[in-house]
Each structure stands twice: as structure tokens, then as C-alpha cells.
Amino acid sequence: MLGVKEIEKIIPHRHPFLLIDKIEELKPGEGAVGYKAVTYDEYFFKGHFPAQPVMPGVLIIEALAQVGAVAILNVEENKGKTAYLGGIHSAKFRQQVVPGDMLKLEVEIIKRKGSVGVGKAVATVDGKIAACAELTFAVK
């Protein structure tokens, strides 16, 4: 299991934009499972939406991309590099993510060719899909 300090050694994101709290499973180059504890203190809830806080879908996708980046940047030839989000395909948002939710973030790397790859990404809360997408990344 990786905590925030270990995650920060792999990806360049920092608070308030580091959107994962821990990595529970990691298979370098193949995939990872991480978590985000969604709290009332998240910066984005001040404006989205103050009377009914909902985590923006784009930030759920970003959290998934960060988990995927941890997996792909743990491959020896990618250590010390940055994984950039290159595309979002077939994104679907199925339920709201609100304060108090524990967001489970799963990414499986399904294709890699050179510095470009694709990950199948699924975010769930209590076993129910909150969001899913196919994410394209480029490592530089």
C-alpha cells in the first residue's frame, strides 16, 4: 500500500490537486487501485454546489488518471517521467459523489505502444459505478 508521501514520489501532483489518498493495489504497467476520501473540506465544494455539494465529474476522471499514472510510471523505463492525459473516451457518469463518500478508483492498462497507452478506468462508491471512461495517456 502506498500513502500520499509515496504517491508524491511517483507523480508530480500536490495538494490541492492530488486527488488520491492511497494506492491499495499496484501492478506496474498493468494497473492500480486507489482511494479518495471525499470530505466537506474539498476546495471545489465551495462553488460546486454550495447548497448541494457534488464532486465535479472532470475531477473524478482526473483522480482516475492519477491512479493510472501511478501504475504506468512504476515501469522502470518511465520512472521520473510524467504521464499526461491525452484523451477521454466513452466517459459516463452514473451517480453523484458527495462528501462522506469513499471513492474507489480502478485503472487497468489495456494497451501500450511506445510512450502512449490506454487505460480502462472505473470509479465506484459502495460498489456502485459513479464514473467510467477509457483514458489515453502519453509519457514524457
Side-chain angles (χ1 to χ4, degrees):
M1 178 152 29
L2 304 176
V4 171
K5 294 296 178 196
E6 292 84 12
I7 293 167
E8 287 179 341
K9 291 177 184 174
I10 300 166
I11 62 175
H13 304 77
R14 299 293 180 265
H15 178 77
F17 211 70
L18 179 61
L19 298 174
I20 49 178
D21 298 320
K22 66 181 177 180
I23 297 291
E24 182 179 74
E25 295 177 34
L26 174 61
K27 294 179 183 171
E30 295 179 30
V33 177
Y35 291 89
K36 165 73 176 154
V38 182
T39 70
Y40 277 102
D41 294 331
E42 306 293 346
Y43 71 92
F44 45 82
F45 287 145
K46 293 177 185 170
H48 197 269
F49 302 98
Q52 187 179 356
V54 176
M55 185 173 183
V58 69
L59 293 182
I60 298 170
I61 296 296
E62 174 62 28
L64 286 162
Q66 289 179 18
V67 169
V70 169
I72 205 64
L73 295 176
N74 261 288
V75 175
E76 193 59 42
E77 66 265 21
N78 293 336
K79 289 186 178 182
K81 296 181 180 180
T82 300
Y84 294 94
L85 183 58
I88 303 168
H89 305 279
S90 304
K92 297 203 180 341
F93 302 95
R94 307 230 182 247
Q95 77 172 35
Q96 295 179 344
V97 176
V98 299
D101 285 345
M102 178 61 72
L103 192 59
K104 183 176 183 180
L105 306 155
E106 300 176 84
V107 178
E108 176 189 1
I109 307 302
I110 58 174
K111 184 170 29 170
R112 283 178 54 200
K113 186 172 182 184
S115 64
V116 177
V118 177
K120 177 182 172 189
V122 180
T124 58
V125 175
D126 296 327
K128 296 178 185 169
I129 295 175
C132 57
E134 190 174 275
L135 305 177
T136 302
F137 61 86
V139 176
K140 296 183 182 196

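Position 1 is the first residue of the sequence; numbering continues from there.
Both Val4 and Val67 belong to a single network of hydrophobic side chains, linked directly or stepwise wherever heavy atoms of I, L, V, M, F, W or Y lie under 4.5 Å apart. Following chains of ILVMFWY side-chain contacts shorter than 4.5 Å, one cannot reach Ile88 starting from Val118, and the two form parts of different hydrophobic clusters. Linking Ile, Leu, Val, Met, Phe, Trp and Tyr residues whenever their side-chain heavy atoms come within less than 4.5 Å places Tyr43 and Val58 in a single cluster. Linking ILVMFWY residues whenever their side-chain heavy atoms come closer than 4.5 Å, directly or via other members, leaves Val98 and Phe93 in distinct clusters.
Atoms CD and CD1, on Gln66 and Ile7 in that order, are 9.0 Å from each other to the nearest 0.5 Å. Once rounded to the nearest 0.5 Å, the distance linking CD1 of Ile72 with OG1 of Thr82 reads 13.5 Å. Rounded to the nearest 0.5 Å, atoms CD (Glu134) and CD (Glu108) are 11.0 Å apart. Going from atom CD1 of Ile61 over to atom CG of Leu135 covers 6.0 Å, rounded to the nearest 0.5 Å. The CD1 atom of Ile23 sits 9.0 Å away from the CG atom of Asn74 when rounded to the nearest 0.5 Å. How far CG of Leu2 is from CD1 of Ile10: 5.0 Å, rounded to the nearest 0.5 Å.
For the pair Val70/Ile20, a side-chain contact is recorded, criterion being any heavy-atom separation below 4.5 Å from C-beta on. At a threshold of 4.5 Å between non-hydrogen side-chain atoms, the residues Ile11 and Leu18 count as touching. You'll find the side chain of Leu103 reaches within 4.5 Å of the side chain of Met55, heavy atoms only.
What you find for Leu26 and Ala32 is that their closest heavy atoms are CD1-CB, 4.0 Å. Of all the heavy atoms in Ala123 and Ile60, the pair that sits closest is CB-CG2, 3.7 Å. Contact record, Val107 with Gly119: CG1-CA, 4.3 Å, taken as the closest heavy-atom pair. Here the shortest heavy-atom pairing between Ile109 and Gly68 reads CD1-O, 4.4 Å. Nearest heavy atom pair, residue Val75 against residue Pro28, reads CG2-C, 4.0 Å. Taking both residues in full, the closest heavy atoms of Leu59 and Phe17 are given as CD2-CE1, 3.9 Å, listed atom of the first, atom of the second, then distance.
Counting heavy-atom neighbours within 6.0 Å of His89 NE2, excluding the residue itself, gives a total above 12. Other residues, nucleotides and ligands contribute only 12 or fewer heavy atoms inside 6.0 Å of the OH atom of Tyr40.
Applying the salt bridge (Lys or Arg N to Asp or Glu O under 4.0 Å) test to every pair with at least one member in residues 14-42, sequence neighbours left out, gives these pairs: Lys36-Glu42. Applying the salt bridge (Lys or Arg N to Asp or Glu O under 4.0 Å) test to every pair with at least one member in residues 120-130, sequence neighbours left out, gives no pairs at all. Sorted by first and then second residue, the side-chain hydrogen bond (donor to acceptor under 3.5 Å, both in side chains) pairs involving residues 49-61 (not counting sequence neighbours) form an empty list. Residue pairs meeting the salt bridge (Lys or Arg N to Asp or Glu O under 4.0 Å) criterion with at least one partner in residues 59-87, sequence neighbours excluded, are Glu76-Lys79, Glu77-Arg112.
Alongside Val116, the hydrophobic cluster contains no other residue (criterion: ILVMFWY side chains under 4.5 Å). Through side-chain heavy atoms spaced under 4.5 Å, either directly or across other Ile, Leu, Val, Met, Phe, Trp or Tyr residues, Met102 is tied to Val33, Tyr35.
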